[in-house]
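All residue numbers refer to positions in the sequence shown, counting from 1. These figures come from a predicted structure and were not determined experimentally. Hydrogens, waters and symmetry mates play no part in the numbers below; they use all other heavy atoms, side chains included.
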Amino acid sequence: MASKTLDTDATSATPSGKTFLGHPRGLATLFMTEMWERFSYYGMRALLIYYLVSGGADAAVGSQGGGLAMKATTATAIYSVYVSMVYLMAYPGGWFGDRVWGARKTVAIAGFVIMSGHIALAVPGQAAFFVGLLLVALGSGLLKANISTMVGQLYNGPEDPRRDGGFTVFYMSINLGAFVAPFVIGTIGKEYNWHLGFGIAAVGMALGLTQFLLGSRHLNPVSSEVPNPLLSEERKRLLVKAGLTVLGLAAFYGTVAGLGLYTLNWALVPLTIAGLLIPITVLARIKRDKDLTSDEQSKMSAYIWFFAAAAIFWMIYDQGGSTLSLFADKKTADSLFGFGFSATWYQSLNPLFVMAFAPVFAWLWLWLSRRDKEPNTIVKFSIGLLLVGVSFFVFIIPMTMADNGTLVSPLWLVSIYLIQTIGELCLSPVGLSVTTKMAPRKYASQMMGVWFLAVTAGDCTTSLLSLAGVSLNGTGIIAMQASLAALAGFAIFTYRKKVQALMGDVH
């Protein structure tokens, strides 16, 4: 039972003193906002790879036309770059929360930008499509780091015993929205009309924005503060640098287009390289910051281990919406026990499994903790990496079976998503929590953005392979990725005592 002090602090932002599942009332506001935002995001993402290949040689026979008719390798590269940019934008999103608008205002602005992006996607035409992707990526980045930071602000510091549980409940909101979206947005968009599906995503984000604006009074007042506001001179310098950068890019790409040399790779390749270099640069800059205490420096050294592990995990995991989705559409039967369904429905498996097993894992960690047997964060990360590697070893079996044109049973994909979900539950909620615990005070919101940069690094690796012409539908490349994840899991487990020593009082 929580102490009276913790109960008072947790509900200080809620005038009525009401709680949400035993947590501060503000968690309900953030829960519903995130649920609708994820509904819009995952619904659109379930359509993305299919819309890109629709009408081309890599589309499934009999699929809806009207898409962009791209090759699978190009579509996978675009999909991976898009997902990586969503998470890359989380870092400047955290910076805006820390230094410009504060977390609460940043989330409100982000919701409007995301909604505008989905509206653009609902407009037919390639130009509107790419503008929509850009807006959704930008808005999602602004929202992600700051809404997670506000969850942490609801609790009385890192030692509040309900903190991990709060993040688990919050994680459920992500998966509730993600579970429903493929059935609604996915089915309507893929089977009937692409742009109607994208339009429904815009409605979902509008509902999330409304929920946030109406319920923000329940949040901790500190979420409206700007922790480290920009000085006047800093603001002027940044505006000049931003203006010069925009002008430089406009001049460069204008010249390339004017010479008739522009292709999609002129955008994809620089974004992919940036997505690999920026995470390294950001981590190095924070690590070298002389304002950090020796304890914070030590924790950052430990954090690099978790970051690298997460990047490898997400490299494989996020192919659930590209490599696995294309396999589901072309080489997997579209019915089970006589019941037909859209290939987009596979995207509901992971959130379904999360909702089913997250409470089990939360109970399991607590049960083990009471017996002083709970595995620490390092061991949980090792388990997550091993399982995501196992999932791709399993994937090799149906890939081999489908080589002769046989449509494999949907249960193969069900089993792969199940294994990946168990791995995710060992790594992702724990990673969110450990990031807030190990973040240097100076980089409170930005560190949540750093955590999301691990996704950027993983997805940009996938994009780089696709841009190099590597087909991710081959058993060799799948086996290589599976082996990499298993070896990484073994490595972090082997050095667990060294990492734990660097973590200090964080367990």
- Message: Would you say that S80 contacts D318 through its side chain, given a criterion of any heavy-atom pair below 4.5 Å between the two side chains?
- Response: no
- For Y87, all residues meeting side-chain hydrogen bond (donor to acceptor under 3.5 Å, both in side chains), sequence neighbours excluded: none
- Near F490 CZ, under 6.0 Å, is it more than 12 heavy atoms from other residues, nucleotides or ligands? no
- Task: Evaluate whether atom OH of Y253 has more than 12 neighbouring non-hydrogen atoms of other residues, nucleotides or ligands under 6.0 angstrom away.
- Result: yes
- Message: Quick one: does any side-chain atom of S335 pair with a main-chain N or O of G340 as donor and acceptor, under 3.5 Å?
- Response: no
- Message: Check for me whether the distance between the ring centres of F357 and F361 falls short of 6.0 Å.
- Response: no
- Rounded to the nearest 0.5 Å, how far does CG of L143 lie from OH of Y41? 12.0 Å
- Query: Counting N and O atoms only, with roles assigned by atom type, does the side chain of T74 sit under 3.5 Å from a partner on the main chain of M70, one being a donor and the other an acceptor?
  - Reply: no
- Query: Can you check side chain to side chain donor-acceptor pair (under 3.5 Å) on Y79 and S463, steps first, answer last?
  - Reply: CA-CA 8 Å; Y79 174 89; S463 177; over 6 Å; no
- So, does S382 use its side chain to make a donor-acceptor pair with the main chain of I378 at under 3.5 Å? yes
- Should L324 and Y346 count as side-chain neighbours, where that means a heavy-atom distance under 4.5 Å? no
- Task: Kindly determine whether F129 and V123 satisfy side-chain contact (heavy atoms from CB on, under 4.5 Å), including the steps that lead there.
- Result: CA-CA 7 Å; F129 173 78; V123 177; over 6 Å; no
- Can you check whether G320's main-chain N or O pairs, donor with acceptor, with Y417's side chain at less than 3.5 Å? yes
- Message: Any donor-acceptor pair under 3.5 Å linking the side-chain atoms of T187 with those of Y192?
- Response: no
- Message: Does any part of the side chain of T323, heavy atoms only, come nearer than 4.5 Å to the side chain of F327, both counted from C-beta?
- Response: no
- Query: In terms of side-chain heavy atoms, does Q420 have a donor or acceptor partner in S391 at a distance below 3.5 Å?
  - Reply: yes
- Heavy atoms of other groups near F130 CZ, more than 12 under 6.0 Å: yes
- For F493, all residues meeting ring-ring contact (aromatic ring centres under 6.0 Å, His included), sequence neighbours excluded: none
- Query: Does NZ or CZ of R45 come closer than 6.0 Å to the centre of the six-membered ring of Y42, within 45° of the ring's axis?
  - Reply: no
- Query: Does the side chain of N404 come under 3.5 Å of the side chain of T406 through a donor N or O and an acceptor N or O?
  - Reply: yes
- Item | Side-chain donor/acceptor of N146 to backbone N/O of G93, under 3.5 Å | yes
- Query: Is there a donor in the side chain of N350 and an acceptor in the side chain of T421, or the other way round, less than 3.5 Å apart?
  - Reply: yes
